[in-house]
Amino acid sequence: MASIKLQNVSVSFPIYHAESRSLKRTVIAAASGRVGEDRRHRLVVEALRHISVSLKTGDRLGFVGANGAGKTTLLRTMAGIYEPVEGQIETHGAVTALLDPGQGMNHELTGRENIRLRGLFNALNQAQIDQLQDDVASFSELAQFLELPVRTYSSGMIVRLGFALATAIKPQILLMDEWILAGDAGFLQKARNRLETMVRGAEILVLSSHSADIIMKWCNRVIWIDGGQIKADGSPDEVLGAYLPADQFARAQMAALPTSA
């Protein structure tokens, strides 16, 4: 069974060249009390402070909070991209992190070479890699562009390739940031259908989004993050009811209702 456990996790980022008094004043004002000092006496921004969360198979967790609250930092920490300065993270199960359109891609290589690298990274055999290439090529609809270096792609093409790559392999633990719901209208509906299938198949889902109706539709638990700390943790109705203005909460509830056939 898949599981994630974070115990008293804190993440800080050092502020270099912070010896300037004017810079220090600016940073302290902007960070709203989240500036501290590490063991080497460097000025740091405390991005996450004493986060404890336990997730098991069947959990569907959504993060809400203002920009800069720490949602994406927490997702990246759960994915192993950021290392805590304090606390422990224990993960059981294969993790797929949809946090950045170009995540894990080498932009100097072609699209097809990146697909092969992803297959090798996931320990696929040659037959499985061939199947992966066919699946990504079909879904992304990039055709001959797969033979070109990724650095020549438009931002929309990178999103298509990144999404197709990230969703082609079934995860046990799925971590998602809201970029995954962006893109051109035609691709977006196709992406939503594939993503919903992936969400249903994952043992654990962790999603950060400003879209309250998506949170209500996909999640059975919500954490409100504010200033790098957990402000509330409970059911979608409980947390979103406190987080959102009443009219926005009502609209989200309506939007999350299943559509009739």
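- Side-chain atoms of S138 do not come within 3.5 Å of backbone N or O of D135 as any donor-acceptor pair.
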For this session: Could you check V222 against L61 for side chain to side chain contact (heavy atoms under 4.5 Å, CB included), going step by step and ending with a plain yes or no?
Result: CA-CA 5 Å; V222 177; L61 173 64; 5.7 Å; no
For this session: Step by step, work out the side chain to side chain contact (heavy atoms under 4.5 Å, CB included) result for M105 and I158.
Result: CA-CA 9 Å; M105 286 195 284; I158 290 176; 3.9 Å; yes
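- For F163 and F139, the ring centers sit closer than 6.0 Å to each other.
- Residues L207 and I214 are in side-chain contact: their nearest non-hydrogen atoms beyond the backbone lie under 4.5 Å apart.
- In this structure, R251 contributes its side chain and A246 its backbone to no donor-acceptor pair below 3.5 Å.
- By the rule that hydrophobic residues join a cluster once side-chain heavy atoms approach within less than 4.5 Å of another member, L117 and I115 end up as members of separate clusters.
- With contacts defined as side-chain heavy-atom distances shorter than 4.5 Å, the pair V53/I230 qualifies.
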For this session: Applying side chain to side chain contact (heavy atoms under 4.5 Å, CB included), run through M176 and V199 and close with a yes or a no.
Result: CA-CA 10 Å; M176 297 196 310; V199 166; 4.2 Å; yes
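- Considering only heavy atoms from C-beta on, L240 stays 4.5 Å or farther from W224 through its side chain.
- Under the ring pair (Phe, Tyr, Trp, His ring centres under 6.0 Å) criterion, the residue pairs touching residues 62-86 are F13-Y82, with sequence neighbours excluded.
- Among pairs with a residue in residues 70-80, those fulfilling side chain to side chain donor-acceptor pair (under 3.5 Å) read T72-D177, at least two apart in sequence or across chains.
- The backbone N or O of R160 sits nowhere less than 3.5 Å from a side-chain atom of S140 that would complete a donor-acceptor pair.
- One side chain, Q126 or D130, offers a donor N or O that lies under 3.5 Å from an acceptor on the other.
- Side-chain contact annotation: N114 with H107, donor-acceptor N/O pair under 3.5 Å absent.
- Side-chain N or O atoms of R112 include none that pairs as donor or acceptor with a backbone N or O of F145 at under 3.5 Å.
- Annotation: side chain of Q229 is not in contact with side chain of I225 (no heavy-atom distance under 4.5 Å).
- At least one side-chain heavy atom of I4 sits under 4.5 Å from a side-chain heavy atom of L6.
- More than 12 heavy-atom neighbours from other residues, nucleotides or ligands sit within 6.0 angstrom of CD on E86.
- Applying the side chain to side chain donor-acceptor pair (under 3.5 Å) criterion to S52, with sequence neighbours excluded, gives no partner residue.
- With a 4.5 Å cut-off on side-chain heavy atoms, L146 and L161 count as touching.
- N122 contributes no side-chain N or O that, together with a main-chain N or O of L124, makes up a donor-acceptor pair within less than 3.5 Å.
- Hydrophobic clustering, with ILVMFWY side chains joined whenever heavy atoms are under 4.5 angstrom apart, keeps L142 apart from L109.
- The backbone N or O of A94 lies less than 3.5 Å from a partner atom in the side chain of Q172, making a donor-acceptor pair.
- The shortest side-chain heavy-atom distance between Q253 and D213 does not fall under the 4.5 Å cut-off.
- Looking at residues two or more places apart in sequence or on another chain, you find no side chain to side chain donor-acceptor pair (under 3.5 Å) involving D59.
- No donor-acceptor pair closer than 3.5 Å links the side chain of R221 to the backbone N or O of S235.
- Considering only heavy atoms from C-beta on, V206 stays 4.5 Å or farther from L174 through its side chain.
- R49 places no side-chain N or O within donor-acceptor distance of the main-chain N or O of V9, the cut-off being under 3.5 Å.
- Contacts of E83 classified as side chain to side chain donor-acceptor pair (under 3.5 Å), with partners at least two apart in sequence or in another chain: none.
- A salt bridge links K217 to E196: one of the charged nitrogens lies within less than 4.0 Å of a carboxylate oxygen.
- In Y243, the OH atom is crowded: over 12 heavy atoms of neighbouring residues, nucleotides or ligands sit closer than 6.0 Å.
- In terms of the side chain to side chain donor-acceptor pair (under 3.5 Å) criterion, S54 has no residue partners (sequence neighbours excluded).
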Problem set entry | Steps toward side chain to side chain contact (heavy atoms under 4.5 Å, CB included) verdict (D233, V239) | CA-CA 7 Å; D233 182 352; V239 177; 5.8 Å; no
